Amino acid sequence: MVDVELKVNGKDVVVSVDERTLLVELIRKDLGLTGTHIGCDTTQCGACTVHLNGVATKSCTVLVAQAEGAEVITIEAVAGKNGELHPLQQAFHEHHGLQCGYCTPGMIMIGLDILRRIPNPTEAEVRENLEGNLCRCTGYHNIVRAIQSAAESVRTGSGE
Amino acid sequence: MSEGPGARGAKVGGRYIGKAVSRTEDRRFLTGYGHFVDDLYPQNVTYAVFVRSPHPHARVREINIKAAMALPGVVAVLTGRDWIADGRGKFVVVSPVESSDNVERPQITQPVLATEKVCYVGQPVALVIAESQWAAQDAAEAVDIDYEPLPAVTRAAEALDPEKPVIHDVAESNLIFVKEIGSRVAVEAAFSAAAHITELTLTNNRITANPIEPRAALGQYDPGSDQFTLWITHQAPHILRRDLSENTLLHPEHKIRVIAPDVGGGFGMKVANHPEDPAVLWASKMVGRPVKWTATRSESLISDAQARDHWTKARMAFDAEGHITAIDVDTIASLGAFQTRLGASIPAQFYSRTLVGLYRIPAAYCRVRGVHTNTAPVQAYRGAGRPEASYVLESLVETGARELGMDPCEIRARNFIRKDDFPYVSSLGLTYDAGNPLGLQEKAIELFNYGAMRKAQAEARSGQKRQLIGIGSCAFMDCTGVPSAEMLKMGRKKVGGWDSATIRIHPAGKITVLAGSHSHGQGHATSFAQIVADALQCPIDHIEVVYGDTERVQFGHGTWGSRSMITTGLAVAKAARLLSEKCRKIAAHQLECDVGDIEFRDGWFRVVGSDRQLPFQTIVDAAYQGGGLPEGLDPALEQVAYHDPSERAFSSGYHMCAVAIDPGTWRVRIIRYVAIDDCGRVINPLIVEGQVHGGIAQGAGQALMEDMTIDHTTGQPLSGSFMDYAMPRASDFPYFETGFQETPAASNELGVRPAGESGTIGAVAALRNAVIDALHPFGVNHVEMPMTPSRIWHSVQLAEKRNG
């Protein structure tokens with residue numbers, strides 16, 4: 001067992017876990033934050049994407065032990081305190097950027113990271129930066145559109 | 001019922017129907033509060049891991065569980081013998097295919113857990129249950145199974161080879177059925193008289209659905225009530241419950257509750273009967289605790305029901321003017337090691353009958369032979385038979401056009417069924433109600449700017465960069481929504497074609513719709529609510545749509561084959577109409593006038609031409625109070641309705657795309673993709689466009705990259721993870737360009753047609769044809785799918801060698 005302290009969605013978390021426990025398992029099972037999903041076992045699909053110290057990271061490929069002292073943000077902390085959707089979530093809604101909804105939390109987390117790094121991304125930049133996130137329903141069309149459209153509202157300051 | 005679309009005034013130009021309404025179900029998925037099976041961690045839960053066959057074909061000599069049982073945290077290790085000893089049953093084929101040669105062959109399904117023999121890599125043999133996922137995994141590795149490996153056959157084309165092993169001891173060969181349709185005599189005559197004959201041998205590669213949510217099941221047994229509850233990723237919970245009750249678990253149907261909560265994509269795969277479903281539920285009784293199983297992706301890739309896997313020899317006859325005079329198709333379709341519930345009917349009934357597509361082809365003949373191979377069972381995957389058919393048909397059409405020196409658009413136009421020919425009876429025995437294929441083509445040509453694209457292609461070819469541009473099309477017909485009577489003729493004695501809806505207007509005026517189909521991305525919560533909101537003149541957010549729980553919802557057949565809107569949607573419309581009529585009766589009684597004088601608009605019941613009116617809520621209050629109702633009218637406002645289609649539903653489409661092939665790497669890039677679809681009346685264009693996008697991506701995935709690769713010398717699947725199974729990514733696509741031509745279906749009150757699978761039916765052949773169009777200057781006339789850079793390079797090398 002290993003003792004780890006970290007911060008998840010602004011709350012202190014102190015745990016003692018089996019060494020092989022993955023960050024995604026801690027998030028889903030121990031913390032009950034089941035919005036972060038698992039879609040593969042080889043770091044390909046991105047359904048488990050969270051922000052680790054501000055950077056989009058696949059939580060299936062991080063051991064809890066590696067997250068000592070880290071700050072983790074999950075999908076549950078993206079909307080505002082009163083439930084108002086983040087402009088990126090709103091754009092996904094308006095542009096029908098989700099169908100079954102399973103890859104969606106990962107898409108939102110990578111989308112936020114793209115907008116942080118590239119405030120005004122081109123279509124090609126969005127597509128390239130979605131390389132690590134799979135969606136089987138949408139053909140990506142409306143996901144790309146939603147991220148491009150959200151870029152503007154985030155730039156104007158209503159976002160992060 | 002023969003009233004055409006729009007016969008009931010409230011429907012046309014409604015406030016919601018036809019509008020791009022953003023989905024009401026989005027919020028929970030966007031904020032991380034969806035409820036998927038793996039999100040559940042009930043108290044005292046145990047974790048299951050399946051021990052699976054590592055061999056494509058082997059006898060099971062012995063299963064030794066001692067070492068596994070001795071490991072810490074292990075609760076139980078269950079095998080097929082335990083299943084049998086507990087008196088449980090086995091899967092049945094719900095849709096057996098009657099062979100055209102009248103020979104009865106055994107219908108072989110897989111055991112829930114293998115005992116004597118394993119017939120594909122991934123077949124479940126034992127089930128380990130432990131206190132934690134890790135403990136279960138460790139113990140699964142410690143289950144010691146002694147196998148005697150047997151020779152295997154994994155290629156469809158080789159399954160009937162007498163040199164190859166016969167997989168099942170009870171069968172004489174690997175042949176499951178032979179289905180012949182059309183007229184062989186007419187086809188032979190047409191080929192004898194043909195001015196030109198085009199021939200192709202095509203492999204439709206084995207692929208798998210890969211929804212991003214892997215399969216998962218959570219079983220719970222309550223000894224107090226003798227009730228089983230199964231939470232499961234499934235598209236048709238009532239059908240699964242019936243199968244559990246009658247065939248596998250053998251427990252009364254009313255004592256089994258199946259809940260399919262949010263399901264992360266299905267695409268047909270999650271309607272199959274997988275052995276893990278009954279196994280997990282049974283195990284929960286055996287261990288007396290909840291049992292949870294979630295597939296890893298590697299596990300999904302070998303154990304999910306897979307798709308396609310055809311080997312086909314096809315030819316097409318033309319007259320001197322490019323009219324198609326006949327099509328002749330001979331297909332071997334692998335159904336995997338065991339039959340699934342409906343798998344055999346896909347090549348036999350759906351593939352075969354759609355092979356003439358949108359063309360007037362006077363003579364057609366098709367022979368399909370369904371076979372077993374040592375591979376995972378085959379079931380529906382988006383399109384189920386129709387993408388395979390359009391791949392054959394449209395490959396022949398474009399190859400024929402090239403050989404005849406005709407433009408592929410021109411040859412299609414020359415052969416299309418004309419608008420005035422409808423209703424049209426095809427030479428394969430289907431009656432198409434209505435359509436306008438030429439109109440679809442004209443729209444596609446215009447949106448694609450076909451002339452200009454051809455010019456750009458020629459310039460690119462002759463230009464310095466020697467860019468390889470290819471343009472390909474696919475005209476297709478989709479046929480689904482089979483009426484119950486037709487299903488019966490097909491031999492489906494226990495599957496109907498109808499579906500159901502209950503609408504409950506609560507005393508406070510809000511509305512619950514209980515839908516017999518399931519929604520796992522298709523947006524039923526929104527589109528069904530649009531129908532109800534228009535019929536009952538209320539805001540859409542007053543309506544909640546519930547599905548996926550056998551205890552809350554009346555029997556329904558679930559979601560598959562693009563059937564939800566054309567069955568459940570129409571049941572919703574009918575229930576809403578009946579409730580609206582009941583409300584009008586109450587209003588007329590209260591306003592002391594004839595029902596015919598009541599108009600219902602904007603939530604008010606008004607006596608025509610007067611200011612006397614009552615709001616909706618007053619009528620609801622009256623219905624629930626019960627004292628002020630017309631004589632003979634029952635109180636309350638709850639209505640169940642069913643819809644069984646009166647005829648099959650057809651939709652059609654024309655897809656056109658352009659690809660650029662890098663002459664250095666031979667990688668294919670899609671540069672344009674235009675899809676024009678006729679799915680009748682569109683309830684929500686935002687949702688239908690989304691369905692088209694996703695369908696195109698799945699078709700393009702098969703055409704360009706996806707493949708369940710098997711090493712045919714060892715029978716081992718090589719696509720064991722997302723590292724080895726190429727899933728399409730965002731950078732593989734441009735923005736798609738979509739358009740609609742609406743030919744309302746006269747057979748139903750909404751005028752709707754199937755929509756969910758058309759993208760896939762069109763995309764496979766459109767991309768195939770575009771790639772060949774780019775490569776034919778090298779002498780390449782076919783590349784097998786997936787058309788990877790390596791395959792393309794090899795084809796070009798071969799063609800150049802052949803042509804000196």
Side-chain angles (χ1 to χ4, degrees), chain A residues 18 20-21 25 28-29 32-45 47 74-79 83 85-86 89-90 92-106 108 123-124 126-145, chain B residues 20 22-23 25-36 38-41 132-134 209-214 262-267 294 296-299 520-523 686-687 689-698 700 721-723 727-736 759:
Chain A
D18 190 329
R20 58 183 168 178
T21 309
E25 293 174 275
R28 287 179 55 75
K29 188 167 174 251
L33 298 167
T34 53
T36 302
H37 296 149
I38 302 171
C40 76
D41 37 22
T42 49
T43 324
Q44 306 286 303
C45 81
T74 71
I75 185 68
E76 286 88 352
V78 173
L85 295 180
H86 182 280
Q89 292 170 313
Q90 187 62 32
F92 266 68
H93 174 58
E94 282 166 15
H95 292 275
H96 190 29
L98 65 154
Q99 288 183 27
C100 80
Y102 196 79
C103 76
T104 309
I108 297 283
E123 180 197 339
V126 174
R127 289 184 185 275
E128 268 166 41
N129 279 279
L130 288 175
E131 196 63 14
N133 288 67
L134 295 176
C135 169
R136 194 54 150 171
C137 296
T138 64
Y140 303 98
H141 184 104
N142 288 333
I143 292 176
V144 177
R145 185 150 281 174
Chain B
S22 289
R23 297 199 318 174
E25 60 265 63
D26 281 354
R27 188 181 176 87
R28 66 179 183 275
F29 301 117
L30 288 165
T31 51
Y33 293 99
H35 292 290
F36 297 92
D38 190 58
D39 297 345
L40 297 164
Y41 293 91
S132 74
Q133 184 69 30
W134 292 116
N210 273 332
I212 304 301
E213 181 201 28
D262 287 329
V263 172
F267 313 113
T294 303
T296 65
R297 180 58 57 185
S298 305
E299 201 174 12
H520 31 278
Q522 299 89 339
L686 193 66
I687 288 174
E689 278 168 17
Q691 291 294 307
V692 173
H693 299 157
I696 294 169
Q698 289 179 337
S721 78
F722 275 163
M723 312 270 279
M727 288 281 281
R729 289 166 193 273
S731 56
D732 292 317
F733 302 110
Y735 277 129
F736 306 116

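The sequence lines fix the lettering, A, B, ..., with proteins before strands; numbering per chain opens at 1. Only this structure's heavy atoms are used, side chains among them; waters, hydrogens and symmetry mates stay out. This structure is a prediction, so every number in the text was calculated from the model and none was measured.
- Under the ring pair (Phe, Tyr, Trp, His ring centres under 6.0 Å) criterion, B:Tyr735 pairs with A:His141, sequence neighbours left out.
- Both the backbone and the side chain of A:Val144 come within contact range of chain B, each with at least one heavy atom under 4.5 Å from a heavy atom of that chain.
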| request: Quick one: do A:Leu130 and B:Arg729 satisfy side-chain contact (heavy atoms from CB on, under 4.5 Å)? Show the steps, please. | output: CA-CA 8 Å; A:Leu130 288 175; B:Arg729 289 166 193 273; over 6 Å; no

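- Of the atoms belonging to B:Ala20, not a single heavy atom falls under 4.5 Å from chain A.
- Ranked by heavy-atom pairs under 4.5 Å with chain A, the first of B:Gly34, B:Ser298, B:Ala697 is B:Ser298.
- Residues A:Tyr140 and B:His693 fail the side-chain proximity criterion, which asks for heavy atoms closer than 4.5 Å.
- Ranked by heavy-atom pairs under 4.5 Å with chain B, the list A:Ile143, A:Ile108, A:Leu85 is led by A:Leu85.
- Side chain of A:Arg136 to backbone of B:Gly264: no donor-acceptor contact under 3.5 angstrom is found.
- Interface check for chain B: of the options A:His37, A:Glu123, A:Glu94, the most heavy-atom pairs under 4.5 Å are formed by A:Glu123.
- Looking at B:Asp262, neither its backbone nor its side chain comes within 4.5 Å of chain A, counting heavy atoms on both sides.
- Of the options A:Thr42, A:Thr43, A:Asp41, a side chain to side chain contact (heavy atoms under 4.5 Å, CB included) to B:Met723 is made by A:Thr42 and by none of the others.
- Proximity to chain A (any heavy atom under 4.5 Å) is shown, for B:Glu689, by neither the backbone nor the side chain.
- In terms of non-hydrogen atom pairs under 4.5 Å with chain A, the most contact-rich of B:Phe736, B:Trp134, B:Phe29, B:Phe722 is B:Trp134.
- By number of non-hydrogen pairs under 4.5 angstrom with chain B, the leading residue of A:Gly83, A:Ala79, A:Gly32, A:Cys45 is A:Gly83.
- The distance from atom CG of A:Asn142 to atom CG of B:Leu686, rounded to the nearest 0.5 Å, is 6.5 Å.
- Using a 4.0 Å cut-off between charged side-chain N and carboxylate O, A:Arg127 and B:Asp732 make no salt bridge.
- In this structure, the ring pair (Phe, Tyr, Trp, His ring centres under 6.0 Å) partners of B:His520, at least two apart in sequence or on a different chain, are B:His518.
- At a 4.5 Å heavy-atom cutoff, the contact between B:Tyr41 and chain A is made by side-chain atoms alone.
- Per-residue heavy-atom pair counts under 4.5 Å with chain B were compared for A:Gln89, A:Lys29, A:Gln99, and the maximum is reached by A:Gln99.
- Comparing B:Ile696, B:Thr296, B:Thr31 by heavy-atom pairs within less than 4.5 Å of chain A, the highest count is held by B:Thr31.
- The CG atom of A:Leu98 lies 5.0 Å from the CG atom of B:Leu30; values are rounded to the nearest 0.5 Å.
- A pairwise comparison of heavy atoms in B:Phe36 and A:Cys100 identifies CZ-O, 3.8 Å as the closest pair.
- Only the side chain of B:Arg27 comes within contact range of chain A, with heavy atoms under 4.5 Å apart.
- Both the backbone and the side chain of B:Ile212 come within contact range of chain A, judged by heavy atoms closer than 4.5 Å.
- Annotation: side chain of A:Glu131 is in contact with side chain of B:Ser731 (closest heavy-atom distance under 4.5 Å).
- Comparing B:Gly690, B:Gly695, B:Gly759 by heavy-atom pairs within less than 4.5 Å of chain A, the highest count is held by B:Gly690.
- Neither the backbone nor the side chain of B:Leu40 comes within less than 4.5 Å of any heavy atom in chain A.
- Judged by distance alone, the side chain of A:Arg28 and the main-chain N or O of B:Asp38 form a donor-acceptor pair under 3.5 Å.
- Contact annotation for B:Val692: neither backbone nor side-chain heavy atoms come within less than 4.5 Å of a heavy atom of chain A.
- Chosen from A:Ala77, A:Gly97, A:Gly139, A:Gly35, the residue pairing most often with chain B at heavy-atom distances under 4.5 Å is A:Gly139.
- Top candidate by heavy-atom pairs under 4.5 Å with chain B, chosen from A:Pro105, A:Ala47, A:Cys40, is A:Cys40.
- For a residue to count as touching a neighbouring chain, one of its non-hydrogen atoms must lie under 4.5 Å from one of that chain's; by this rule A:Glu25 touches chain B with the side chain only.
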